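Predicted, not measured: the structure shown is a model, and the values here were computed from it.
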Amino acid sequence: MKYITLIFTSFLLFAPFALPGQTTGRVMSLDELFALADTQSKSIKIFESAVTGAEKDISVAKNAYLPTVDFSASATYNGNAWVSDRDFSNGQTFASSHFGNSFSIEAAQVIFAGGSIHHQVKALEAQQKIAEWDLAAHRQEVYFLLTGYYLDLYKYRNLLTVYDRNIEQTLQVIRTCGHARRPGWHSTTTSPATRCSTRTSSTNAPSW
């Protein structure tokens, strides 16, 4: 689950809204968040590496259709020849060619292999398809997780907005009550101070 923590942390750093007290923020859409996951998620990169490895295996297997060419070269140096009897007597030296070389080229082409190369390539292509399906399924899992986190954070953002509004309304009521209690303030109707006192009394009244 390390990739979830990494992506979730990155999402918090680039959230599309600002918390209270922040003056700037970066707006990110779900598509941008998914693109960030594709480039930063280690688990997705592992599945992508599996697909890349399958493609390389297919390329190597197809090389069996191509001809093979082997080339070799060698050089030698020979001294003068010395000939003698069996008991190594009457030895004589004869001049001979000192330098020698040889070259060889060998080419081979598979004409008939009983379909083994073809079936091997087909098996590797099937493995590549499976790796691609696994990658797509895992990417969708990551996208679903990110979408859930994205929606949860928006829900919490809306809750913070509601709390901020409630706090502002409460402060406004407190300021109104403070003005109503000042000397020289009169009203023929029920004053805000009376209403505030009534609310406070009703709130603090014991329940039986």
Side-chain angles (χ1 to χ4, degrees), residues 1-15 26-150:
M1 301 298 288
K2 292 183 178 179
Y3 70 93
I4 299 178
T5 305
L6 175 63
I7 297 174
F8 185 63
T9 304
S10 301
F11 172 69
L12 289 177
L13 293 176
F14 301 101
R26 177 181 175 185
V27 177
M28 290 188 66
S29 64
L30 276 176
D31 291 336
E32 292 175 336
L33 189 61
F34 294 158
L36 181 63
D38 290 335
T39 57
Q40 300 297 327
S41 175
K42 293 182 179 180
S43 61
I44 291 179
K45 289 184 180 297
I46 292 174
F47 282 89
E48 290 177 346
S49 299
V51 175
T52 303
E55 293 175 352
K56 292 182 179 179
D57 292 340
I58 294 174
S59 179
V60 172
K62 288 183 177 180
N63 289 336
Y65 289 117
L66 303 176
T68 58
V69 178
D70 295 329
F71 174 80
S72 64
S74 63
T76 60
Y77 176 82
N78 302 318
N80 293 329
W82 183 77
V83 181
S84 67
D85 295 336
R86 292 182 178 180
D87 57 356
F88 298 102
S89 61
N90 300 323
Q92 297 180 1
T93 301
F94 298 92
S96 64
S97 301
H98 297 300
F99 294 98
N101 54 65
S102 63
F103 301 92
S104 64
I105 297 177
E106 180 181 356
Q109 172 68 53
V110 176
I111 298 177
F112 178 75
S116 61
I117 300 176
H118 174 74
H119 293 303
Q120 182 181 5
V121 172
K122 288 298 182 182
L124 292 174
E125 289 177 349
Q127 293 179 4
Q128 179 187 4
K129 287 293 184 182
I130 294 174
E132 291 176 351
W133 293 338
D134 291 340
L135 172 61
H138 182 72
R139 181 179 282 119
Q140 289 298 323
E141 292 178 359
V142 175
Y143 287 175
F144 279 126
L145 288 173
L146 290 178
T147 302
Y149 294 146
Y150 193 89

> Does Phe99 reach the side chain of Thr76, with side-chain heavy atoms less than 4.5 Å apart?
Replying inline: no
> Looking at side-chain heavy atoms only, is the closest gap between Gln128 and Leu124 below 4.5 Å?
Replying inline: no
>> Using every non-hydrogen atom in the two residues, find where Lys62 and Val121 come nearest and quote the distance to one decimal.
In response: CE-CG1, 3.9 Å
> Closest approach of Ala73 and Phe103, non-hydrogen atoms and distance?
Replying inline: CB-CD2, 3.5 Å
> More than 12 foreign heavy atoms under 6.0 Å from CD of Glu106: is that the case here?
Replying inline: no
> Once you round to the nearest 0.5 Å, how far does CZ of Arg139 lie from CG of Asp134?
Replying inline: 12.0 Å
> Checking Ser116 side chain against Ala113 main chain: does a donor-acceptor pair fall under 3.5 Å?
Replying inline: yes
>> Using every non-hydrogen atom in the two residues, find where Val110 and Ala64 come nearest and quote the distance to one decimal.
In response: CG2-O, 4.0 Å
> Tell me, do Asp70 and Ile105 make a side-chain contact under 4.5 Å, heavy atoms counted?
Replying inline: no
> Between Glu48 and Lys45, does a salt bridge (charged side-chain N to carboxylate O under 4.0 Å, His left out) hold up when you go through it step by step?
Replying inline: CA-CA 5 Å; Glu48 290 177 346; Lys45 289 184 180 297; 5.1 Å; no
>> Donor-acceptor check, side chain of Glu32 to backbone of Ser29, threshold 3.5 angstrom: yes or no?
In response: yes
> Can you name the nearest heavy-atom pair linking Ser89 to Ser84, along with the distance?
Replying inline: O-CB, 3.6 Å
> Between CD1 of Ile117 and CZ of Phe112, what distance do you get to the nearest 0.5 Å?
Replying inline: 11.0 Å
> Is a side-chain donor or acceptor of Gln109 paired with a backbone partner of Tyr65 at a separation under 3.5 angstrom?
Replying inline: yes
> For the atom pair CD1 (Ile58) and CG (Asn63), what is the distance rounded to the nearest 0.5 Å?
Replying inline: 12.0 Å
> So do Ile44 and His138 actually touch side chain to side chain, heavy atoms under 4.5 Å?
Replying inline: yes
> Between CD1 of Ile130 and CG of Leu135, what distance do you get to the nearest 0.5 Å?
Replying inline: 14.0 Å
> What is the minimum heavy-atom distance between Val142 and Ala37, and which atoms define it?
Replying inline: CG1-CB, 4.2 Å
> Heavy-atom distance under 4.5 Å between the side chains of Phe34 and Thr147, does that happen here?
Replying inline: yes
>> One pair to check against side-chain contact (heavy atoms from CB on, under 4.5 Å): Asp38 and Tyr143. What are the steps and the verdict?
In response: CA-CA 10 Å; Asp38 290 335; Tyr143 287 175; 2.7 Å; yes
> Is there side-chain contact between Tyr150 and Leu145, with heavy atoms separated by less than 4.5 Å?
Replying inline: no
> Parallel, tilted or perpendicular: which describes the rings of Trp82 and Phe88, with under 30° parallel and over 60° perpendicular?
Replying inline: parallel
> Sub-3.5 Å donor-acceptor pair from the side chain of Thr39 to the main-chain atoms of Ala35, do we have one?
Replying inline: yes
